[in-house]
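Heavy-atom basis, side chains included; hydrogens, waters and symmetry copies ignored. A, B, ... follow the sequence lines: proteins, then strands. Residue 1 opens every chain. Values in this document were obtained by computation on a predicted structure and should not be read as measured data.
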There are 2 protein chains.
Amino acid sequence: MKISISKENHLKAIFHLESDHGTVTTNELAAALHTRPASITDMLKKLQKEGLVLYERYKGFSLSQDGKMAAVQIIRNHRLWECFLVDHLDFDWSQVHEMAEELEHLTSRKLIDRLDFFLGFPRTDPHGDPIPDSDGKFTRQIAQIPLPNLLTGKEATVTAIRPQTDQILELLQHKKIKIGTRITIRKKFDFDDSLEIEVDGGASTTVSALVAKNIYVSVQK
Amino acid sequence: MKISISKENHLKAIFHLESDHGTVTTNELAAALHTRPASITDMLKKLQKEGLVLYERYKGFSLSQDGKMAAVQIIRNHRLWECFLVDHLDFDWSQVHEMAEELEHLTSRKLIDRLDFFLGFPRTDPHGDPIPDSDGKFTRQIAQIPLPNLLTGKEATVTAIRPQTDQILELLQHKKIKIGTRITIRKKFDFDDSLEIEVDGGASTTVSALVAKNIYVSVQK
DNA sequence: ATTATATTTTAGGCAAATCTAAAAATTTAA
DNA sequence: TTAAATTTTTAGATTTGCCTAAAATATAAT
């Protein structure tokens with residue numbers, strides 16, 4: 001009944017790709033897992049036998065209900081451990097992903113539930129991604145929009161940075177922007193789509209279109 | 001250069017058996033790891049090739065300097081995670097071993113060092129076993145003696161319970177004895193070697209020879 | 001609609017970590 | 001000190017997860 005780490009990684013990758021594109025192909029999955037299409041086919045057959053994916057050769061595949069549950073559990077583990085690493089061990093959010101990739105595979109359900117309690121039942125991880133509860137349910141997230149879509153003059157809260165790279169982290173750290181920061185757009189420049197923004201009701205800076213596109217905000221909350 | 005989990009477990013088991021008996025045999029190691037002697041021989045050859053054990057067929061084996069370092073690192077990980085589970089996630093010391101068996105294999109050195117800091121650099125784990133520092137050094141432990149060896153009337157601190165089973169934990173919990181508890185022997189009964197002891201300067205109880213033998217105390221500190 | 005291209009699968013192999021059964025070496029005991 | 005018992009090792013398989021190269025199928029393009 002125990003799912004191997006490699007299988008867990010396959011389920012997780014399928015889940016993420018399904019969420020993004022709605023559908024997944026063998027090649028995509030192979031790329032996501034840094035493995036070869038042939039290996040994916042092998043694994044798919046095993047996962048099907050265990051009832052974790054629905055698979056028909058040459059036709060495509062998708063997670064079964066059980067497979068989805070397993071994937072969500074891993075994602076929960078991953079995100080909770082990221083919270084622990086950032087909030088209590090004082091790591092930067094850009095450093096924690098790899099460590100969480102290992103921690104997410106720990107098998108004790110009780111451990112993760114106690115960790116959840118210890119952390120105070122956080123609803124999002126340090127990157128702004130939602131954390132499902134112990135039953136695998138994602139509580140509805142507040143609506144997030146890319147910063148360029150925010151109306152000028154309307155204040156909003158930064159809820160996520162995506163994708164997160166060391167480079168954008170460095171830039172945003174310098175500009176004192178992180179999750180929870182309040183931002184108001186003061187001016188949009190059509191020339192290069194850069195934005196002049198006010199940060200936490202204080203100083204103004206300018207961010208390029210590229211940076212702005214990676215910042216997600218919410219007007220509610 | 002990365003050591004597999006299975007190899008780490010072999011090194012750790014050799015380390016523990018060497019500490020106990022001074023020497024280890026193929027059969028003992030197989031028993032400790034719930035595996036077969038033939039598998040031990042296989043693994044030993046691999047570990048030798050990697051310079052982690054000194055091995056001559058039919059002659060015996062022991063950890064090399066590198067092997068010892070690796071083993072100590074795992075033990076450090078294991079004991080620090082046990083501290084975390086007991087001190088922060090509120091598990092009983094009898095429950096944490098299995099979880100720590102998984103956590104000990106995490107590969108990030110930085111993670112474990114930050115955990116050490118977070119925990120306040122504990123010198124012993126919840127079972128009273130010493131935790132080596134980041135360089136693998138065990139700081140000299142205060143002398144521990146089995147409770148029956150303690151002189152009557154001399155106060156001492158409980159430093160370890162060994163071996164720890166759910167049953168003895170239950171008994172000691174009921175008698176309010178744990179690591180850190182102060183104990184004084186009031187009377188030794190030669191008839192069955194049971195002891196009448198005073199717990200934390202308060203009430204007295206009696207413990208059987210079997211229980212007493214499993215309690216280790218230190219008069220210093 | 002047929003060919004060309006791209007995707008997916010099969011076939012056959014490899015390395016790690018285990019196993020069983022049998023052989024070899026060592027140790028113990030008569 | 002040789003025979004018996006024990007320990008350890010070898011030989012040969014198995015499972016898991018991956019690989020490459022070639023074949024099968026599906027999709028796109030003329």
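- Spacing between atom CG of L47(A) and atom P of dG17(D) amounts to 9 Å, rounded to whole angstrom units.
- Checking R76(A), R79(A), R162(A) one by one against D125(A), the salt bridge (Lys or Arg N to Asp or Glu O under 4.0 Å) holds for a single residue, R79(A).
- Atom CD of E50(A) has more than 12 heavy atoms from other residues, nucleotides or ligands within 6.0 Å.
- Between K59(B) atom NZ and dT7(D) atom C1' there is a gap of 15 Å when expressed in whole angstrom units.
- Between R36(A) and dC18(D) there is no side-chain N or O to OP1 or OP2 distance below 4.0 Å.
- Look at CG on L44(A): it is 12 Å from P on dC18(D), rounded to the nearest Å.
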For residues 168-175 of chain B, which side-chain N or O atoms pair as donor and acceptor with protein atoms under 3.5 Å away, sequence neighbours left out?
from, atom 1, to, atom 2, distance (Å)
K175(B), NZ, T206(B), O, 3.3

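- For K7(A) and dT15(D), the NZ to C1' distance is 10 Å, given to the nearest whole Å.
- Of the candidates dC18(D), dT8(D), dT25(D), the closest approach to any side-chain atom of H10(A) belongs to dC18(D).
- With values rounded to the nearest 0.5 angstrom, I161(B) atom CD1 is found 12.0 Å from S94(B) atom OG.
- Contact check, T25(B) against dT7(D): no side-chain N or O comes under 4.0 Å of OP1 or OP2.
- Within 4.0 Å (heavy atoms only), F61(B) reaches no atom of the nucleic acid at all.
- At least one side-chain nitrogen or oxygen of N27(B) sits closer than 4.0 Å to the OP1 or OP2 atom of dT8(D).
- Within 4.0 Å (heavy atoms only), T26(B) reaches sugar-phosphate atoms of the nucleic acid but no base atom.
- Here dT8(D) presents its P atom at 10 Å from CG of L29(B), a figure rounded to the nearest Å.
- Considering only heavy atoms from C-beta on, H10(B) comes within 4.5 Å of L47(B) through its side chain.
- Contact between the side-chain N/O atoms of T41(B) and the OP1/OP2 oxygens of dT8(D) is not found at any separation under 4.0 Å.
- In this structure, Q48(B) contributes its side chain and Y55(B) its backbone to a donor-acceptor pair below 3.5 Å.
- In this structure, M43(B) atom CE and dT8(D) atom P are separated by 17 Å, rounded to whole Å.
- Heavy-atom contacts of chain A under 4.0 Å fall on DNA chain C between two terminal nucleotides, which in 5' to 3' order are dT7(C) to dT10(C).
- Note on ring orientation: taking the six-membered ring where Trp is involved, the planes of F84(A) and W81(B) are tilted (angle from 30° to 60°).
- Each of I5(A) and A38(A) lies near DNA chain D, and the nucleotide nearest I5(A) is the one positioned closer to the 5' end.
- Put simply, NZ on K46(B) is 13 Å from P on dT10(D), counting in whole angstrom units.
- Under 4.0 angstrom from either OP1 or OP2 of dT16(D) there lies no side-chain N or O belonging to S4(A).
- One atom, CG of D42(B), and another, P of dG12(D), lie 14 Å apart when rounded to the nearest Å.
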